[in-house]
Number of protein chains: 2
Amino acid sequence: MPGQPRTETAQRILDVAEKLVQTRGFNGFSYADIAETMGVTRASLHYHFPGKGDLGLALVARYRSRFDLECAAIRRRNGEAPRHLQDYIDLYHQVALDGRVCLCGMLAAEGPTLPPGMQEELRRFFDANEFWLASVLQSGRDAGLFAFPEAPLERARVLLALLEGALLLARTFGDAGRFSAVSGRALADLEA
Amino acid sequence: MPGQPRTETAQRILDVAEKLVQTRGFNGFSYADIAETMGVTRASLHYHFPGKGDLGLALVARYRSRFDLECAAIRRRNGEAPRHLQDYIDLYHQVALDGRVCLCGMLAAEGPTLPPGMQEELRRFFDANEFWLASVLQSGRDAGLFAFPEAPLERARVLLALLEGALLLARTFGDAGRFSAVSGRALADLEA
DNA sequence: GTCTATAGGTGGATAGAC
DNA sequence: GTCTATCCACCTATAGAC
């Protein structure tokens, strides 16, 4: 389980850094920001994450593995595909309510400026999401609950782009309701 | 026509800065980057745009007014709503082909870190886009060429989120084809 | 593990000569 | 308008004491 066996302090650093990246971007925060909110010095942070690149990699890796776990948990729960998809969308909704955007959506924007390795992790995150979504869409269509003409993976990419974009716009207008409205339409479009 | 009556040098500065923001973000480039590609010094840039905030505001204002002009031109052209919508999507496609993302999509991610005034300009950009899209959607539905159940403005927001998100994802995978695939589905969904 | 201290670099910005 | 020179704040990162 990568991203888990770190020390407790390292986890708390990641918690603070994650929030900072989701609101200000990877190029929009510094070790000083983390140090201040944690009440420690910058040097102390470098002990846990020598370079900002190390911190960034750990950040995406943890975010990704957590998402994987949550997605797996959703599929194990009772209910059909539409319920599972709604639960998935609710994960994003929580982010919107908190005035953040998806960690990986943010990093995708900063793309070419990121330290080595982060873009690869990013792609893995999106790949995993698309794959999971495609699986849910497939199940739903097989059960006659979803209706869409194209391949599940293609539809998954539409959904992912829509959710990431909706988070960005909702935050820009300081209105999580915009996210709900848009994501609600996406689900409705799929109904058989 | 705001954003136009500047000197020619200022326009060239904006050209370079625009490309930099669309690839690296507002927090991901510096006056030094512009100076280098233009073959001038940083001090010279400060003559045209005293602060980075001034540059940023001019950037969004120009981008917005240019988009307004292009949107108006599209509506004046021959063809029905679906054609107009496709032309609009093609504007985004050009961005994707160039390995960029939408200037305002990028700035939306950086949101709270932007200099004063830029977020307001950003919202104006998105508002104008939604309004234009809603108008095209309305026309198309009135003509029996589009079919969608919700209010045109609501559908417009779905489309805008989808396009902005698709640009982000296409660039992350270095594959403009992802943008075409996603935007193509969006258009197909609307067909009556 | 966390601290103080500091190095080395880059950022935005200004003054003043040309 | 563009230049040189310079300032100061901030950033990432390291050394070494505790």
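Residue numbering restarts at 1 for every chain, and letters A, B, ... go by the order of the sequence lines.
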At under 4.0 Å between heavy atoms, which parts of nucleotides 3-18 of chain C does protein reach? Answer with one letter per nucleotide, 5' to 3': B base, S sugar-phosphate only, - none.
BB------SSBBB---
Can you tell me the distance, in whole Å, between the [atom1] atom of [X] and the [atom2] atom of [N]?
{"X": "A/L114", "N": "D/dT12", "atom1": "CG", "atom2": "P", "value": "14 Å"}
{"X": "B/R12", "N": "D/dT2", "atom1": "CZ", "atom2": "C1'", "value": "12 Å"}
{"X": "A/I34", "N": "C/dT2", "atom1": "CD1", "atom2": "C1'", "value": "16 Å"}
{"X": "A/L55", "N": "D/dA13", "atom1": "CG", "atom2": "P", "value": "10 Å"}

Within 45° cone of A/F29 ring axis and under 6.0 Å: A/K19 NZ or CZ:
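Negative - A/K19 is either too far from the ring of A/F29 or too far off its axis.
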So, B/D90 versus B/Q94: side-chain donor-acceptor pair below 3.5 Å or not?
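Distance-only check fails for B/D90 and B/Q94.
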Could you tell me whether the side chains of A/Q11 and A/D15 share a donor-acceptor contact shorter than 3.5 Å?
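Per modelled atom types, A/Q11 and A/D15 side chains form no pair under 3.5 Å.
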Taking the six-membered ring for Trp, are B/F126 and A/F173 parallel (under 30°), tilted (30 to 60°) or perpendicular (over 60°)?
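Tilted.
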Using the ring of each side chain (for Trp, its six-membered ring), is B/H93 parallel, tilted or perpendicular to B/F179, with breaks at 30° and 60°?
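Answer is parallel, since the angle falls under 30°.
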Do A/L159 and A/L145 belong to the same hydrophobic cluster, where Ile, Leu, Val, Met, Phe, Trp and Tyr are linked whenever their side-chain heavy atoms lie under 4.5 Å apart, directly or via other members?
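In one cluster with A/L159: A/L145, no.
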